[in-house]
Amino acid sequence: MDYVLIILLEMLRAVSWLVLLASGLAIIFGMMRVINFAHGEFLMLGGYITIMTHNNGVPLWISMLILAPLTVGIFGILVERLVIRHLYGRIIDSLLATWGLSLLMIGGVTLVFGNTVQGVSTPFGAVSIGEYSIPLYNFVIIGFAAAIMLATWAVLKFTKVGLVARATMQNPDMAETLGVRTTWVYMATFGIGSAVTGLAGGLLAPLTGVVPSMGVNFVGQSFITVITGGASMIAGTLSASTLLGTVSQGVTFASGPVYGDAALLLTALVLLRVLPQGITGRIFKKSL
Amino acid sequence: MERSIAKDVGFYVMLGIGLVLMFIGPLIWDLFQIMQITQYVVLSVYALSLAYIWGFGGILSFGQAAFFGLGAYTFAVASINMGDTTLPFVLSFILPAAFGAGLGYFMFYGRLSEVYLGVVTMVVTLIFWKLINHTAGPEYSIGDARLGGFNGIPSIPILNVPGDPSAWLDPAQMFQVFMAILIIVYVVLRLIIASDFGRVSVGIRENEERSSLLGYDIRRHKVIVFAIGSGIAGMSGAMWATYQTFIDPNAFSMEMSAKALVWVMAGGIGTLAGPILAVVLLQWLSLKLGTMHILNNYVILGGIMMILVLLLPKGLLPTFQALSLRLWTIGKSKMKERTPKGKAASDV
């Protein structure tokens, strides 16, 4: 019984982990159809800000939940204004430019902070379920994944801003005709997506430590989740995370984390062969 | 735009330069220069693989390093086991090509969009990188070859005369063989591009829908183009492995994929000569900038990439061609006092 509970919790943690990693990217992709190839480095930046500010005396929760999202969000807006804005309608070029940005960020952070791992200890202890013990921090991850999804849903569904965003998503030309400044919507979207990514980076910093090249360990999972999910921000992220998280966690249990990643990719490839626009390209088409 | 080879002056110029370098080079360069230039030759083959599939097939692969690394590891493992290097070299073309065909089947028959294609190819490379990094223990060995994880595979045999494993090539001979391979790859790709098959792939690049309405099977076409490019990338990986006599998982790195993209972007998409020139120019440049110790490789590569996308989206060679063409037509029109019709840019 305890074992089943542990397995279920681990599955839930794996799914939440994917949601957390991918949601910032999914927000940007859902709105603008642009994949931010520097996503991993945005995570890295969030992690660095968390750890650097914390080491300088800021309480961990403030640096993790406020400073990291804020800084990465502002950085995202800067990137949008300086780079992405010039490349709307040239999707391939925006991929290439963000990839260049990703390399630039790895190099830049290496120059500033050096190529060493830095970290803080994971907050909270562990809780024991029967004879097993699991870190309490897992529940933080699950909680934040749920909170991000809920918040995105609520904003899109119930607020004026969400209405404008949904209109721009459905038909940018029509939205523009009706007086929506779509360029501002895009800018805000990129900023919010980046902020969510920064938050994710902050949350994973205590788990993994930070190093300039850490992004590479997470981008694979994030990209696969987003493209498997398809264009709908919430339904796509949730369905893809659930499917892929379960698969990869299952394989990880059986044979180790490296093969878990490979299984993730294989599943996604087979799925995309059948549903080339991702899950929400055909199923849950009208959902958010 | 794609003209027949017979009238293409640029093609003969490139071919001539290649042949002259191949025979004269070892006579006038010292050993260090030969080694350095051999490196450019190997990377040029790698750049050509992407130049072909991107410029003449419209397939943007963000994971060319997957095939480069696959070819390198295939060669390393096979040659360590066999002793002779001829068959491993052939295998290093066949295996990546087959893998490319398999991956291409999923991507192109699924009709993935460009963004999805980019992401999938990139993630495939990432997974390879992770898997190979993971193979550090002695239990991960194929025959006599230990994969070695992040330590890589040392003492990979140098290319030998076919059938005689003890007759190693010296650096000058290796340079000549690699130069010959580069010339062959260049000529073969040029012939493919000028053939009916190549014309159809260019048609697909220009307009997929129209090509498919004209009755061409664009999916099959793209798979073949992708497989050819993968094979060439794999072969360049094998050349890299035998040139260094060492290979590590960095062959599968993001940086390696990004380099190929940068060379093709810098050289000009839709040219073959451009990327070769870009390899020489940018490798030399990053060597010079790297020795200054102010910037590291990532900053240089990323910076060049962003500058290219934002400022020079057409690449150096086409920009230069367009510029010289304009100067030429301006000069001519001044002489004749009338504007001649624009001449299409060459696609050597």
[range]: residues contacting chain B (heavy atom under 4.5 Å, by number):
| range | value |
| --- | --- |
| residues 209-224 of chain A | A/Val216, A/Asn217, A/Val219, A/Gly220, A/Phe223, A/Ile224 |
| residues 92-107 of chain A | A/Ile92, A/Asp93, A/Leu95, A/Leu96, A/Ala97, A/Trp99, A/Gly100, A/Leu101, A/Leu103, A/Leu104, A/Ile106, A/Gly107 |
| residues 23-45 of chain A | A/Phe29, A/Arg33, A/Ile35, A/Phe37 |

Side chain to side chain contact (heavy atoms under 4.5 Å, CB included) for A/Val270 and B/Phe106? Distances and angles first, verdict last.
CA-CA 7 Å; A/Val270 174; B/Phe106 278 101; 4.2 Å; yes
Can you tell me which of B/Val115, B/Val124, B/Leu60 forms the most heavy-atom pairs within a distance under 4.5 Å of chain A?
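Highest number of pairs under 4.5 Å: B/Val115.
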Please indicate whether [X] has more than 12 foreign heavy atoms, meaning atoms of other residues, nucleotides or ligands, lying under 6.0 Å from its [atom1].
| X | atom1 | value |
| --- | --- | --- |
| B/Arg210 | CZ | no |
| B/Tyr140 | OH | yes |
| A/Phe253 | CZ | yes |
| B/Arg220 | CZ | no |

Shortest non-hydrogen contact from B/Tyr116 to A/Gln277?
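Taking B/Tyr116 first and A/Gln277 second, the nearest heavy atoms are OH-O, 3.5 Å.
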Between A/Pro276 and B/Gly110, which heavy-atom pair has the shortest distance, and what is it?
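So the minimum-distance heavy-atom pair works out to CB-O, 2.8 Å.
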Whether A/Arg273 side chain and B/Tyr109 backbone form a donor-acceptor pair below 3.5 Å
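Yes; at least one donor-acceptor contact below 3.5 Å.
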Heavy-atom contact with chain A under 4.5 Å, split by part of [X]:
| X | answer |
| --- | --- |
| B/Phe128 | neither |
| B/Phe108 | neither |
| B/Leu261 | side chain |

Just verifying a value: how many Å separate A/Leu269 CG and B/Leu103 CG, rounded to the nearest 0.5 Å?
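The CG atom of A/Leu269 sits 6.0 Å away from the CG atom of B/Leu103.
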Please round to the nearest 0.5 Å and tell me the distance separating atom CG of B/Leu310 and atom CG of A/Leu87.
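Reported to 0.5 Å precision, the distance equals 5.5 Å.
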Heavy-atom proximity to chain B below 4.5 Å, by part of A/Leu265
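The side chain, not the backbone.
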Best-contacting candidate, A/Val274, A/Leu272, A/Ile91, against chain B by heavy atom pairs under 4.5 angstrom:
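Greatest number of close heavy-atom pairs with chain B: A/Leu272.
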What residues of residues 250-260 of chain B sit under 4.5 Å from chain A when you count only heavy atoms?
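Only B/Met254, B/Ser257, B/Ala258 of residues 250-260 of chain B have a heavy atom under 4.5 Å from chain A.
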